[in-house]
Number of protein chains: 2
Amino acid sequence: MSISERRERDRLKVRNKILDAARRLFASEGYDAVTMRRVAEEIEYSPTTIYLHFKDKDALIRELCRLDMMSLMQAIQNAADEPEPLERLRKTGMAYVTFGIEYPNHFRLMFMSNRLHEVEQLAEMGHGNPETDAYLLLLNTFEEAIAKQLLAPEFTDPHLLAQAFWAGTHGVVAIHINLYGDPWIEWRSVEETAKMTINVMIRGVQR
Amino acid sequence: MSISERRERDRLKVRNKILDAARRLFASEGYDAVTMRRVAEEIEYSPTTIYLHFKDKDALIRELCRLDMMSLMQAIQNAADEPEPLERLRKTGMAYVTFGIEYPNHFRLMFMSNRLHEVEQLAEMGHGNPETDAYLLLLNTFEEAIAKQLLAPEFTDPHLLAQAFWAGTHGVVAIHINLYGDPWIEWRSVEETAKMTINVMIRGVQR
DNA sequence: TTTATTTAATTAACATTGTTATGTTAGTAA
DNA sequence: TTACTAACATAACAATGTTAATTAAATAAA
């Protein structure tokens, strides 16, 4: 192994230490509560070292989002191996919810941190590529369902359907993450709620 | 008017000036972006004056939030003046979305952070009181729909239905607030999406 | 009327945090 | 041995939430 190769490997090692520590801290305490100094302390480097790897705090957050987004898309792709469109909706929808519940921290970072996604990052995340873009997958599923005349004739806009369906699954996760356990509601389990929501929506679009 | 009465009135006047300025700034730029100094500048007082009326920035935000939560419940109550249960679902659901879009930052604070949910505040917000508790209203609507046999017989649990329906409307707002405008999606307007989501869900539970 | 007291507001300062400017050190190359 | 470079650290700056000390004005008491 050449010297420059070893250098590069060491750089990546530090970079990953930063990302790991940041993910862990941000997950348990939130973006605002965790300082750069805390992250630095965690990895036993000085705060400035972080800036050798990430332009600023926002860039660090965005990189975490990007990585987690890729995991989510992978999880959804795995669930998309199902020929029947409506059944595929059910499976991918459940995969979305399952991911959100299993990795609430990632989900929060991706979808609730209000970090604006920057255009050059979106391409990196695989958007626009049918192989990796989860929204496109959802869209295509509705297009297929329309083409196969599985839906009631009033439903003609696959984008609108995709966004409505997404809203349902997203809402299940968002409410679970932020409100579940609040004592004034007699909560049903998130699995039940997810199944019910998806079920109702599929029933609602069917012919 | 006595002197102490005039004093009290003047205090309230200043307090309301602070709340008004804060609401306006927070609404257009978000909580983190607006400093106490900015709020103070807006009302032409020194920053410290704010601390004579609110313990800290969080208390100021929470008070705004409390006021707007009451508006939300009021808006939903107003939309609930509809005898037909399924139509009532539609109207209250749209009221929820409309509110979330109008006050995205307050919505975010209320439903997307853990800051607010302290027990003593919940009581103040009217939870548990059928007159002001929006969840209870939703629950009662589904109970009525079940009793009137408007729903398919497989739907028997009003809590589960309420939480699923809530998830749908909540998701519309959450996605709109955090992701709307991201360029890789051909967005439909939030009104269209809300109508579609609610429509599909109502269609999905109907007999 | 004059003096003391209370209230409302201000100015100045502090602590924290993101960030940068300026070293410093240890390995590598000349 | 000397110069250079990469990887770090220390110290400092600027912004921001917040508090301490202080002033000015209104009111009450003498």
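Proteins come first, then strands; the chains are lettered A, B, ... in the order of their sequence lines, and each starts at number 1.
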* Where do A:Glu144 and A:Asn140 land on the side chain to side chain donor-acceptor pair (under 3.5 Å) test, with the steps shown first? -> CA-CA 6 Å; A:Glu144 189 182 335; A:Asn140 291 340; over 6 Å; no
* Please assess A:Ile18 against A:Val14 for the test side chain to side chain contact (heavy atoms under 4.5 Å, CB included), listing each intermediate value before the final yes or no. => CA-CA 6 Å; A:Ile18 295 171; A:Val14 173; 4.2 Å; yes
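A:Glu186 pairs by the salt bridge (charged side-chain N to carboxylate O under 4.0 Å, His left out) definition with A:Arg188, not counting sequence neighbours. In this structure, B:Asp10 has no side chain to side chain donor-acceptor pair (under 3.5 Å) partners at least two apart in sequence or on a different chain. Among residues two or more places apart in sequence or in another chain, the side chain to side chain donor-acceptor pair (under 3.5 Å) test is passed with A:Thr141 by A:Arg88. For B:Lys17, there are no side chain to side chain donor-acceptor pair (under 3.5 Å) partners at least two apart in sequence or on another chain. For B:Arg7, there are no salt bridge (charged side-chain N to carboxylate O under 4.0 Å, His left out) partners, not counting sequence neighbours.
One interatomic measurement links the two molecules: CZ of B:Arg11 to P of C:dT6, which rounds to 17 Å at whole-angstrom precision. Atom-to-atom, CG of B:Asp32 to P of C:dT17 comes out at 14 Å; the value is rounded to the nearest Å. Rounded to whole Å, atom C1' of C:dA13 lies 14 Å from atom OH of B:Tyr51. The distance from atom NZ of A:Lys57 to atom P of C:dT17 is 9 Å, rounded to the nearest whole Å.
Nearest-nucleotide mapping onto DNA chain D: of A:Arg37 and A:Leu52, the residue sitting toward the 5' end is A:Leu52.
No contact: A:Val39 has no heavy atom under 4.0 Å from any strand. At the heavy-atom level, A:Asp56 lies under 4.0 Å from the strands shown only through sugar-phosphate atoms.
Pairs engaging residues 91-104 of chain A under the salt bridge (charged side-chain N to carboxylate O under 4.0 Å, His left out) rule: A:Glu82-A:Lys91 [sequence neighbours left out]. Annotation: salt bridge (charged side-chain N to carboxylate O under 4.0 Å, His left out) contacts involving residues 35-46 of chain B, sequence neighbours excluded, comprise B:Arg24-B:Glu42, B:Glu29-B:Arg38.
In summary, A:Glu192 and A:Lys195 do not engage in a salt bridge, as defined by a charged side-chain N under 4.0 Å from a carboxylate O.
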Would you list the protein and nucleotides 22-30 of chain C atom pairs, both N or O, that sit under 3.5 Å from each other?
from, atom 1, to, atom 2, distance (Å)
C:dT28, OP1, A:Arg6, NH2, 2.9

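End-to-end axis angle for the helix from C:dT1-D:dA30 to C:dA30-D:dT1, using five pairs per end and rounding to 10°, comes out at 30°.
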Would you tabulate the side-chain donor-acceptor contacts of residues 48-57 of chain A under 3.5 Å, counting partners in other chains and residues two or more places apart, or write 'none'?
from, atom 1, to, atom 2, distance (Å)
A:Thr48, OG1, A:Ser46, OG, 2.8
A:Asp56, OD1, A:Asp58, N, 3.2
A:Asp56, OD1, A:Ala59, N, 2.9
A:Lys57, NZ, A:Tyr31, O, 3.4
A:Lys57, NZ, A:Val34, O, 2.9

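Close approach of DNA chain D to chain B, defined as any atom under 4.0 Å from a non-hydrogen atom of the protein, starts and stops at D:dT16 to D:dA28.
A heavy atom lying under 4.0 Å from DNA chain C marks the following residues of residues 41-49 of chain B, by number: B:Tyr45, B:Ser46, B:Thr48, B:Thr49.
Separating the CD1 atom in B:Ile175 from the CH2 atom in B:Trp187 is a distance of 6.0 Å, to the nearest 0.5 Å. Taking CG of A:Asp32 as the reference point, atom CZ of A:Phe26 lies at 9.5 Å (rounded to 0.5 Å).
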